[in-house]
A.B. asks: 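Mind looking over this structure? Questions follow.
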Amino acid sequence: MRSLFLFAACLALNIHCFGQEDPGDQFYKHAQFMRGDFVQVIYLRNYDGPSDITDPMGEFAMIDVSATNELLGELLADDEDARRKAIERFEADPSRFAPPAFFVVASQLIKSGDTPRGELWLHVGRIRALADAAKCLDPTAHQAVALLNHQFAMDYMLKQSGQYQRLQKATEMAIAWDASHPKKYDQRWIALHGLEAFEKDKLSFEPESQWPQIDAQTRIQSMKGINALVARAKLFDRNNDGALNADEQAAMEGIPIEVPAEVRVKSLCSEELFSSVLDGAGGIRQLDEMHFPNATRRKLVNIEVVIPYGGPRKGVERWAVERDGFGTCFYTVFLVPNKTGGTYILTSEKCEPMKRKKATDKTPPNSARP
């Protein structure tokens, strides 16, 4: 297993990401962006290649990301002193900035050896990003959280593989900080990363009056997820040292997911990609084991193609998993092509309850597979 910490940490915060292959810089060479989207800001800072940047319309144009994006430019400057001053400006009042700033600051602090500070900002950024995603009703915008996690947190998490007690303490500190520091940034920032920003002029969000409740519920769910992880990890921690070694992590591997042939053909994924989504490091099976550790049987009962694969940021499927005694829910799988012909996979941040399908809904035909 490549990293228990990687998928368990993301899951504990109700978000997950992994890749069939590490897209690295190739992802940012998909130069099709919405102006103001943090990915566009990072691309312009790092690349001179051509880009297709769309200006937001209507309510999207009113989203204020100026302070965060200005800081991101400073954080990514070539000059080390400029980066240091940017971190100081961030830490003078972190609540002014949207979650992307937390991730970039955390990444730089951890790389410089200041792990405690970096850990705090990383986990605060996770919690706030997830809460903002929960407020946004455009599900494609939620990819932003997974992209932040992959680009700025994965290296650190891989190195900390199995450190479940450390993860628990860091999350507790981040939750306390988040609860005691009101947000001063525009929490609608995440909408600029979704497909609706290219197609509509009105935002799709939960009523603002419900945002504090969503923030509080996100903190509760994050702590519940961590506590569940710790409880499960302790069962395999033979020497009780608060961490799992490679053998102990391997022991946490669970039962496979049954895949009926009639369900398999509904996915547009190739065999290799299908296997990665189902059984890869941090795939559907490992996520389901973390959500439902006591299940003794798992079965993939349906796959729905929401957006056919092909084109930047497109390709969405919902994989429904049924397990004994725990009902059925679905995981959302985002399939993002990269320039080299590979695929960047993002799995959903949570197992969502199944809803009755409308009679007018249709699944796209099973055509060209990635």
Side-chain angles (χ1 to χ4, degrees), residues 1-4 6-20 139 142-143 146 221 224-225 228-229 231-233 235-236 249-309 315-335 343 345-359 361-367 369-370:
M1 182 162 61
R2 185 178 61 169
S3 174
L4 168 67
L6 177 59
F7 79 86
C10 294
L11 177 62
L13 295 174
N14 291 324
I15 171 177
H16 181 71
C17 69
F18 74 100
Q20 179 188 25
H142 299 184
Q143 299 177 50
Q221 291 175 344
K224 283 183 177 179
L229 166 66
R232 178 167 169 79
L235 298 176
F236 298 89
Q249 290 184 45
M252 290 186 67
E253 289 287 340
I255 59 176
I257 296 180
E258 301 174 31
V259 183
E262 63 272 18
V263 175
R264 166 63 186 95
V265 297
K266 294 183 179 182
S267 172
L268 301 186
C269 292
S270 65
E271 290 301 326
E272 181 180 3
L273 188 54
F274 188 92
S275 178
S276 295
V277 174
L278 187 71
D279 289 318
I284 298 297
R285 178 169 62 85
Q286 290 184 343
L287 286 172
D288 204 68
E289 288 169 0
M290 293 302 301
H291 278 297
F292 308 98
N294 296 321
T296 59
R297 180 174 177 269
R298 307 175 200 276
K299 183 177 182 180
L300 190 64
V301 294
N302 190 39
I303 295 175
E304 177 187 2
V305 177
V306 180
I307 302 176
Y309 184 90
V316 180
E317 298 186 357
R318 288 175 179 158
W319 294 32
V321 179
E322 176 186 78
R323 77 283 303 161
D324 57 314
F326 297 91
T328 303
C329 62
F330 69 84
Y331 296 92
T332 304
V333 178
F334 300 95
L335 305 170
T343 304
I345 307 167
L346 309 175
T347 49
S348 63
E349 68 273 17
K350 60 184 177 180
C351 186
E352 303 178 44
M354 298 298 297
K355 297 180 180 178
R356 184 178 296 276
K357 193 174 182 181
K358 296 180 182 179
D361 289 348
K362 294 183 179 180
T363 300
N366 187 11
S367 56
R369 299 187 172 191

A.B. asks: Would you please test F274 and V259 for side-chain contact (heavy atoms from CB on, under 4.5 Å) and show each step?
C.D. replies: CA-CA 11 Å; F274 188 92; V259 183; 3.9 Å; yes

A.B. asks: Going by heavy atoms in the side chains, are N302 and T328 under 4.5 Å from each other?
C.D. replies: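 Counting from C-beta outward, N302 and T328 never come under 4.5 Å.
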
A.B. asks: How long is the span from the CZ atom in F334 to the NE2 atom in H142, to the nearest 0.5 Å?
C.D. replies: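 It is 7.5 Å, given to the nearest 0.5 Å.
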
A.B. asks: Do the side chains of R264 and E271 get nearer than 4.5 Å, heavy atoms only?
C.D. replies: yes

A.B. asks: Can you tell me how far the CD atom of E258 sits from the CZ atom of R298, to the nearest 0.5 Å?
C.D. replies: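 Those atoms lie 11.0 Å apart.
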
A.B. asks: Restricting to side-chain contact (heavy atoms from CB on, under 4.5 Å), what partner residues turn up for V263, sequence neighbours left out?
C.D. replies: P260, L300, I303

A.B. asks: Taking all heavy atoms of I257 and all of R285, pick out the closest pair and write down the distance.
C.D. replies: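 Nearest heavy atoms, I257 then R285: CD1-CA, 3.6 Å.
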
A.B. asks: State which residues pass salt bridge (Lys or Arg N to Asp or Glu O under 4.0 Å) with R323; sequence neighbours excluded, sorted by chain then number.
C.D. replies: D288

A.B. asks: Please examine the side chains of V321 and K299, heavy atoms only from C-beta on, and report whether any two atoms are closer than 4.5 Å.
C.D. replies: no

A.B. asks: Once you round to the nearest 0.5 Å, how far does CD1 of I284 lie from OG of S276?
C.D. replies: 11.5 Å

A.B. asks: Do W319 and C329 touch side chain to side chain, with heavy atoms closer than 4.5 Å?
C.D. replies: no

A.B. asks: Is V316 close to T332 at the side-chain level, that is, under 4.5 Å between some pair of heavy atoms?
C.D. replies: yes

A.B. asks: Do side-chain atoms of D324 reach the backbone of A295 as a donor and acceptor pair under 3.5 angstrom?
C.D. replies: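 Side chain of D324 to backbone of A295: no pair is present.
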
A.B. asks: Does some side-chain heavy atom of P308 sit less than 4.5 Å from a side-chain heavy atom of L268?
C.D. replies: yes

A.B. asks: Within the structure provided, determine whether V306 and R318 are in side-chain contact (heavy-atom separation under 4.5 Å).
C.D. replies: yes

A.B. asks: When rounded to the nearest 0.5 angstrom, what distance separates CG in L278 from OG in S267?
C.D. replies: 10.0 Å

